[in-house]
There are 2 protein chains.
Amino acid sequence: MVRLKDIAEKAGVSTATVSYVLNNKGNVSEETRKKILKILDELEYKPNQIAKSLKTRKTSTVGVIVEDITVFNAPEIIDGINECAEEHGFSILLTNLRLYKRIGNNFSNVDKCKHLITNAVDSLLSKQVDGIIYIGVHTRNVTGLISEIDKPLVYTYCFADSGYSVNYDDEFASFEATNYLIERGHRKIALISGLIDSIPAHERFNGYHKALMKHQLILNPSYVKTGDWSYESGYKMAKDLLQQKEPPTAILAMNDLMAGGVLEACRELGIQVPQDLSVIGFDNRECSLYYTPKLTTMDLPLRKMGAKSMEKILRLLNGESETIEMNTKLRCRLIVRESVSSPR
Amino acid sequence: MVRLKDIAEKAGVSTATVSYVLNNKGNVSEETRKKILKILDELEYKPNQIAKSLKTRKTSTVGVIVEDITVFNAPEIIDGINECAEEHGFSILLTNLRLYKRIGNNFSNVDKCKHLITNAVDSLLSKQVDGIIYIGVHTRNVTGLISEIDKPLVYTYCFADSGYSVNYDDEFASFEATNYLIERGHRKIALISGLIDSIPAHERFNGYHKALMKHQLILNPSYVKTGDWSYESGYKMAKDLLQQKEPPTAILAMNDLMAGGVLEACRELGIQVPQDLSVIGFDNRECSLYYTPKLTTMDLPLRKMGAKSMEKILRLLNGESETIEMNTKLRCRLIVRESVSSPR
DNA sequence: TTACCGCACTTAATCGTTTAACTTAACTTT
DNA sequence: AAAGTTAAGTTAAACGATTAAGTGCGGTAA
């Protein structure tokens, strides 16, 4: 291990001078600087960031808490964080809560959940991270799960009543998808919703409704079905919808899994997609590319969300809190593939 | 920020005593201990791990370098690392190389690749990680990409000629899959290989071959096709195979994507799976669950690989290098779903 | 009585940096 | 010539922990 002191001794100067050279500070003659630079290179000096951090009280490290890293979408968000962090010399201290494996899918055990989160936060703070990004699972409101901390904190992919957050614009995305179908000539557009008690389900419903209204179309309640986000529920709801006396000519599913179920139902019922029925999904999940036909779906700005979250952290650290948006909503993008056409 | 010193002052003792209480060391009377514990709790003392690390030269942090976190399988491995790390009070400093986005898929630019890795390693060493785990993309040999370091280093999901590594047993997995088909009565078993220049493709071919030999079956060269791991290549090779004069009754694809292509080819050719043709995939990728029919496939021990890698790091730190296996190969597990039956 | 031991602490050095404050010499200004 | 300024360093105190070595005291053994 080569220390600053070793460099200083070899160069015949004080550690302060070496430090000044490393940080481009203070007054150091060109001659001395060159000499030190040379020795630095020769001895392959690598600064000990731990020591530096202790003195400067900055670690250039951001703590990332993710509810479950193996859950769909989390890696892309982390990737986005990583990209922005790296550009600014920051590292990522990752904490995976493994919430699904530990408390199941219903999150009813709020206490245990809170306990896990508190532990994670404490551990990160102990390691002196400069800020924390919390990655949720989109559908949940995490208000109150993290207690006040005196470092920058940004929530992404989840909702929080207070504090900074970064999400995508569910309502607008749903509006656009519906609008796209209408502009292609569809009038009988069905919606397969996810669980009704989630915020995104509400917002997406609103977007659907607003698009209908914009074109003076009446919302037909028998065209709105509620699934539970699963493939099977999409299959089931599609059968319901398509066996009505006046079936829809298009179905907007609130995620790609349910859209997959719709496609399977169509195969069974002998309905051709997109000739007889147009289908739009949501998420641009990888599998949507391997459906037959390839699914037209909404792509989520996941990397951008990560990058934006990190950017907020950096600006917060920079004391720019006045000028930072509390809740940022990023735009989704419709990926046009093969599952939509004009109605016959 | 509450420091050890603050606790000591409030308790009327020296910082040493407080430190001894915190670390359960030294001689401290029960009375003093209780008093300190109480104050520790009252002031919500959180040790500064940076300071502790500087003194102890241990950070309880493992650096994880992943070639691309958004690539299939990486999150599960990280999850496994995380689980084991957490159990032992370790944190994960994550470095995502984003190799695909930066140098494309061919990895021909070895220099740039090496440069990125060297930077990542240096950065982690600067932050004084106790060890490093390198997560590759399975198909590659990464020998020489990381230069010698004097800390524990474990490769997983990739091959390295020297050093510690953790992988799964490709050959045995392929042997088992083939054997399963044979035991169900198949004799005409085709193989759709991935790119032939990769280590796993070789090993899986060997497993396939050995299973045939075990049952005195002759390897029929026209039953072995080489794809490039993509859905489309699976589709194309399946068409080749199925339009031969004597088509196979079963196809083993070296990944789920190509198996998906096989299923699509079957739909087009009016071939019923599994009645007319049995199909086995490899990877247990999420999409395989949404194929029609649901795909029988090989599940990879990803979490276990992560956990095992972390375990090796810990044992290496513990000075147990004598007793640690250099290359660990973990078993895969066949997931039986709906795409295999006995031949007619 | 003296020597020794163990208990329950304290003292102070240390880990590898940073940085405010100081020093010294050379140069400028009046 | 005296005073002031500047350049190019050095000194030494932090940062918040750990820990070897030291201290003082009461008890025990020879």
Side-chain angles (χ1 to χ4, degrees), chain A residues 1-37 39-40 43-61 89 122-130 151, chain B residues 1-37 39-40 43-61 89 91 122-130 150-151:
Chain A
M1 236 251 124
V2 183
R3 291 124 67 226
L4 238 155
K5 205 178 165 191
D6 304 317
I7 306 291
E9 274 167 15
K10 185 140 190 205
V13 297
S14 70
T15 61
T17 305
V18 181
S19 175
Y20 287 133
V21 168
L22 282 170
N23 296 293
N24 284 312
K25 279 188 190 170
N27 280 321
V28 183
S29 71
E30 205 43 43
E31 192 188 2
T32 315
R33 167 183 308 276
K34 286 232 172 86
K35 190 209 257 172
I36 291 175
L37 249 21
I39 296 174
L40 244 18
L43 300 193
E44 294 188 329
Y45 171 75
K46 310 238 159 65
N48 181 326
Q49 296 293 345
I50 292 289
K52 177 165 184 166
S53 293
L54 179 59
K55 182 63 192 171
T56 61
R57 295 148 170 287
K58 285 179 210 154
T59 52
S60 291
T61 298
D122 282 353
S123 163
L124 290 174
L125 291 178
S126 235
K127 296 220 167 179
Q128 311 298 119
V129 294
D130 295 333
K151 302 219 166 152
Chain B
M1 236 252 121
V2 184
R3 290 125 65 228
L4 210 62
K5 208 180 162 189
D6 303 318
I7 306 291
E9 275 168 14
K10 185 137 191 209
V13 298
S14 70
T15 61
T17 305
V18 182
S19 175
Y20 287 135
V21 169
L22 282 170
N23 297 293
N24 284 314
K25 280 187 188 170
N27 280 323
V28 183
S29 70
E30 204 45 41
E31 192 188 2
T32 315
R33 168 184 306 275
K34 285 233 173 85
K35 188 208 258 174
I36 291 176
L37 249 19
I39 297 175
L40 246 17
L43 301 192
E44 295 188 329
Y45 172 74
K46 312 240 156 65
N48 182 327
Q49 295 294 343
I50 292 289
K52 177 166 184 166
S53 294
L54 179 59
K55 180 62 191 176
T56 60
R57 295 149 170 289
K58 285 180 210 153
T59 52
S60 291
T61 298
S91 300
D122 282 354
S123 162
L124 290 175
L125 292 179
S126 236
K127 297 221 166 178
Q128 311 298 119
V129 294
D130 295 334
D150 58 353
K151 302 221 165 151

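By convention in this document, chain letters (A, B, ...) are assigned in the order of the sequence lines, proteins followed by strands, and residues within each chain are numbered from 1. Keep in mind it's a predicted model, so treat the numbers as computed, not measured.
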Under 4.5 Å between any side-chain heavy atoms of A/Thr32 and A/Lys35, yes or no? no

So, does the side chain of B/Tyr45 form a donor-acceptor pair with the base of D/dA17 at under 3.5 Å? no

Which nucleotide wins on minimum distance to the side chain of B/Ser29, given the candidates C/dA8, C/dG16, D/dT18? C/dA8

Of the listed nucleotides (D/dG16, D/dT18, D/dT10), which one gets closest to any side-chain atom of B/Thr56? D/dT18

Is B/Lys34 atom NZ crowded by more than 12 heavy atoms from other residues, nucleotides or ligands, each under 6.0 Å away? no

If we ignore angles and hydrogens, is there a donor and acceptor under 3.5 Å between the side chains of A/Thr61 and A/Lys127? no

Can you check whether A/Lys52's main-chain N or O pairs, donor with acceptor, with A/Thr56's side chain at less than 3.5 Å? yes

To the nearest 0.5 Å, what is the distance between NZ on A/Lys46 and OG on B/Ser126? 8.0 Å

Please state how far atom CD1 in A/Ile36 lies from atom C1' in D/dA8, giving the value in whole angstrom units. 11 Å

When you get a sec, tell me which of C/dT19, C/dC7, D/dA7 is the closest nucleotide to the side chain of B/Asn27? C/dC7

For B/Ala51 and A/Ser19, find the nucleotide of DNA chain C closest to each by heavy atoms; which residue's nucleotide sits nearer the 5' end? B/Ala51

Kindly indicate whether the side chain of B/Tyr20 and the base of D/dA20 share any N or O donor-acceptor pair separated by less than 3.5 Å? yes

Does the base of C/dT18 carry an N or O that pairs as donor and acceptor with the side chain of A/Lys52 under 3.5 Å? no

Against the side chain of B/Pro47, the closest entry in D/dG9, D/dA17, D/dT18 is D/dA17

Toward the 5' end of DNA chain C, which comes first, B/Lys55 or B/Val13, by nearest nucleotide? B/Val13

Tell me which nucleotide among C/dT17, D/dT18, C/dT10 gets nearest to the side chain of A/Leu4. C/dT17

Using a 4.0 Å heavy-atom cut-off across all strands, classify A/Thr32 as base, sugar-phosphate, or nothing. sugar-phosphate

Out of C/dC9, C/dG16, C/dT10, which nucleotide sits closest to the side chain of A/Arg3? C/dG16

Nearest-neighbour nucleotide for the B/Ala16 side chain, D/dG9, C/dG16, D/dT19 considered: D/dT19

Could you state the NZ-P distance from A/Lys5 to C/dT18, rounded to the nearest angstrom? 16 Å

